[in-house]
Structures are given as structure tokens and as C-alpha cells.
Protein chains: 2
Amino acid sequence: MAQKKQHCDCLSTIKPVRDTLDVINGKWKLPIIISVGVGNDRFTDIQESIPGITPKVLAKELKDLEQHKLITRIVADEYPVKITYKLEPYADTLTPIIYALKDWGENHRKVVTER
Amino acid sequence: MAQKKQHCDCLSTIKPVRDTLDVINGKWKLPIIISVGVGNDRFTDIQESIPGITPKVLAKELKDLEQHKLITRIVADEYPVKITYKLEPYADTLTPIIYALKDWGENHRKVVTER
DNA sequence: GATAGTACTTTCCTAAAGGAAAGTAAGATT
DNA sequence: AATCTTACTTTCCTTTAGGAAAGTACTATC
């Protein structure tokens, strides 16, 4: 019988990780969720709280996040019409991810400056 | 005094999160770390363990991960020359992130199929 | 009537990511 | 001598992400 070394299976981890990445992928989605979560609910406030984001990108990402049921766009029927963004409760399930990324980033900065 | 509503500050969270994303961004880096972490140490094994990855992309991502000191490329001075990839101990610090992403992805799959 | 603020959209462009297919260099095997 | 295996590289191409700048529609305020 020919010796045939096989690769180790890791699909049970890779698949769900990829599913998550498909949702929160990119440079801006998590920063937007963080900003809205902390209380920024107006377009301009969100924009100003995230350095470097342009209105075009923000508008596009907000639409993506709406489609994934992570954020709601609320149009208040007042004068003047007021548009606010809120996190869906489902977005709170991202908290462990956000903290894991935050902690790692803080530590990584130390590691890199000491290298 | 004019009423000037200001956006809420969330840079202390956004900045480290972005630092982390700069390192592990993209579709392939975490899957590669997972695969190598589980024992796949040869190029071909890693490639076969990650569905859809092409050799070009794998080669490029492995170089990126080497630069970030997350993976080492080891050339064994044997005949035939054998090249293996190993996780650096530093890559273990990514474990909480990987589990957070895995857990969320598993739950999200349930949520989406029930919707 | 002019200016300012809010929440975007539009246009145009560049860079990076990703993929398909084939090629290659070196040694090993038949 | 021919084929196989390993670890890639090369070429070519498409898609996606991202950014700069200006514009717009509406309302409010001076």
C-alpha cells in the first residue's frame, strides 16, 4: 500500500470563520458598528467619529449592515425629517468579536513598538 | 452659546480594532493560520485543506504572514529539500479571535436558516 | 434672498484582491 | 528516458474596495 500522507481536516473551524468574515469583512463595518453602538446615530456624527471614512463609503456600508440585520435606519416623521441609525439587538452578539479584536490590537501595538 | 451636538468618541476602540484588521484582513489569512495550527505544514497540504485557495494566493498570503511574524518558513537541509511552515508562538495569541469568529459564524448560520 | 446644515448621490479613478490556467525547476521514481 | 512530486511562479484578466471631489434635494436660519 502506497504511503499517502493526508492533510489534517480543519473545515469545522474554517467554514464558520469564513461565514463570519463574509458579514463583517472590510475596513469599515466593525468601526461603524462600534460608533453606532456607542451612541452616534446621525449620519454626520458617524462620519465624524470614524477618521478617514467618506460619505460614499459610509452610505454603502450602512446599506450592507442593514441587509445583514445589524443596523436599522429610522426615518422620524418630524419637521425636519430626521434620520437615525440604531444597532439591532443582534449586533450585540458581535461584542465578543469586537473585544477580542480590540485586545489583540492593543497588545500588538506594544509588541510592534518593542520589536 | 450655540447648541453644538458632538459625536461620541469611540476612537479608543476603533483604533486597535483597525490595527488588528490590518494584520488579519482578507479572506485567507485566518483560514491559513487555522490550517497550519492544526498540523498542516506542507504547502500542498495547506492548499488542499482550504477549499478554493489557489497556489498563487497561498504563496502570497504565506509571505504576508511571515512578515507579520505569525508563521515561519523552514527549509530542511535534507535530500530532498523539505519546506515546512509552522506557527510562531505569537500566532497563538489569535486564538480568542478565531474562537469568537467561529462561534459567531456557527450561530449566524442557525439564525440565517431560521429566518 | 443668501447661506448653512443634513444626508446623502454621482462621477471618475486607482489599487488591491482574487482567480484560472499554464509553466517551471529540482529531485525522485519507474 | 519519461514521468511524478513538490513548491511554487508567471501571465492575464475580472472584480471589489476604496477614495477625491463635486453635486443635489430639502429644510432652516439669518
Side-chain angles (χ1 to χ4, degrees), chain A residues 1-8 14 17-18 21-32 35-36 40-68 71-86, chain B residues 1-8 14 17-18 21-32 35-36 40-68 71-86:
Chain A
M1 210 209 260
Q3 205 187 353
K4 192 168 194 176
K5 217 171 85 184
Q6 272 180 281
H7 64 262
C8 305
I14 287 181
V17 166
R18 289 247 303 241
L21 292 178
D22 286 344
V23 176
I24 58 164
N25 215 347
K27 207 172 161 181
W28 301 113
K29 290 199 183 67
L30 286 176
I32 291 167
S35 174
V36 177
N40 295 303
D41 59 357
R42 310 295 304 270
F43 191 90
T44 310
D45 291 340
I46 302 168
Q47 195 188 325
E48 284 170 3
S49 71
I50 303 174
I53 200 165
T54 61
K56 183 190 116 176
V57 168
L58 179 55
K60 192 232 163 202
E61 299 287 37
L62 283 170
K63 277 173 199 160
D64 287 357
L65 292 169
E66 256 197 282
Q67 283 202 331
H68 285 298
I71 275 184
T72 338
R73 183 179 190 268
I74 301 160
V75 183
D77 245 2
E78 303 165 8
Y79 289 102
V81 174
K82 208 176 164 188
I83 292 163
T84 53
Y85 295 91
K86 301 278 180 200
Chain B
M1 210 208 263
Q3 204 187 354
K4 192 168 193 176
K5 216 170 88 185
Q6 272 180 280
H7 64 263
C8 305
I14 288 181
V17 167
R18 288 247 304 242
L21 292 178
D22 286 344
V23 176
I24 59 163
N25 214 348
K27 207 172 161 181
W28 301 113
K29 289 200 184 66
L30 286 176
I32 292 167
S35 174
V36 177
N40 295 304
D41 60 357
R42 311 293 303 271
F43 191 91
T44 309
D45 291 339
I46 302 168
Q47 194 187 325
E48 284 170 3
S49 71
I50 303 173
I53 201 166
T54 60
K56 183 190 116 176
V57 169
L58 178 55
K60 191 231 164 202
E61 299 287 36
L62 284 170
K63 277 173 200 160
D64 287 356
L65 292 169
E66 256 197 281
Q67 282 202 332
H68 285 299
I71 276 184
T72 339
R73 183 179 190 268
I74 301 160
V75 183
D77 244 2
E78 304 163 8
Y79 288 102
V81 174
K82 209 176 164 186
I83 291 163
T84 55
Y85 294 91
K86 299 278 180 201

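No experiment lies behind these values; they were computed from the predicted model shown. Computed from heavy atoms alone, side chains included, the values below leave out hydrogens, waters and symmetry copies. Here is the naming used below: chain letters follow the sequence lines, and residue numbers restart at 1 for every chain.
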Rounded to the nearest Å, what distance is computed from the [atom1] atom of residue [X] to the [atom2] atom of nucleotide [N]?
X	N	atom1	atom2	answer
A:Q47	C:dT6	CD	P	11 Å
A:E48	C:dC8	CD	C1'	14 Å
A:I32	D:dG18	CD1	C1'	13 Å
A:L21	D:dT16	CG	C1'	16 Å
A:I53	D:dG18	CD1	P	9 Å
B:L58	D:dA7	CG	P	11 Å
A:N40	C:dT6	CG	C1'	15 Å
A:D41	C:dC8	CG	C1'	16 Å

Would you compute the distance between atom [atom1] of [X] and atom [atom2] of [Y] and round it to the nearest 0.5 angstrom?
X	Y	atom1	atom2	result
B:T84	B:R42	OG1	CZ	7.5 Å
B:L58	B:K63	CG	NZ	10.5 Å
A:L65	A:T72	CG	OG1	11.0 Å
A:I46	A:Y85	CD1	OH	7.0 Å
A:I74	A:K82	CD1	NZ	11.0 Å
A:E48	A:I53	CD	CD1	12.5 Å

>> So, using salt bridge (charged side-chain N to carboxylate O under 4.0 Å, His left out) as the criterion, who are the partners of A:K86 when residues are at least two apart?
In response: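 Listed in chain order: A:D41.
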
> What residues form a salt bridge (charged side-chain N to carboxylate O under 4.0 Å, His left out) with A:K29, not counting sequence neighbours?
Replying inline: A:E61, A:D64

> What is the per-nucleotide protein-contact pattern of nucleotides 25-30 of chain D, from the 5' end, where B denotes a base atom under 4.0 Å from a protein heavy atom, S denotes such proximity for sugar-phosphate atoms only, and - denotes neither?
Replying inline: --SS--

Grab the two heavy atoms, one from [X] and one from [Y], that are nearest each other, plus how far apart they are.
X	Y	answer
A:S35	A:N40	OG-ND2, 2.9 Å
B:H68	B:V23	CG-CG1, 4.0 Å
A:R18	B:P51	NH1-O, 3.8 Å

Which atoms of nucleotides 14-18 of chain C (N or O only) lie under 3.5 Å from a protein N or O atom, and what are those distances?
residue, atom, partner, partner atom, Å
C:dA17, OP2, B:K60, NZ, 3.3
C:dG18, OP1, B:K27, N, 3.2

>> Of the options C:dC8, D:dA7, D:dG19, whose atoms approach the side-chain atoms of A:I83 most closely?
In response: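 Between C:dC8, D:dA7, D:dG19, the one nearest the side chain of A:I83 would be C:dC8.
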
>> Checking contacts here: which listed nucleotide (C:dC8, D:dC8, C:dA20) is nearest the side-chain heavy atoms of A:R73?
In response: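 Looking only at heavy atoms from C-beta outward on A:R73, the closest nucleotide is C:dC8.
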
Is there a side-chain contact between [X] and the phosphate of [N], meaning an N or O under 4.0 Å from OP1 or OP2?
X	N	answer
A:T44	C:dA7	yes
A:R42	C:dA7	yes
A:K63	C:dT9	yes
B:Y85	D:dC8	yes

> How would you list, by chain and number, every residue that makes a side-chain hydrogen bond (donor to acceptor under 3.5 Å, both in side chains) with B:T44, sequence neighbours excluded?
Replying inline: none

> Taking only Watson-Crick and G-U wobble pairs with both distances under 3.5 Å, what dot-bracket line describes DNA chain D, where [ ] shows pairs that cross earlier ones and | shows pairs with another strand?
Replying inline: ||||||||||||||||||||||||||||||

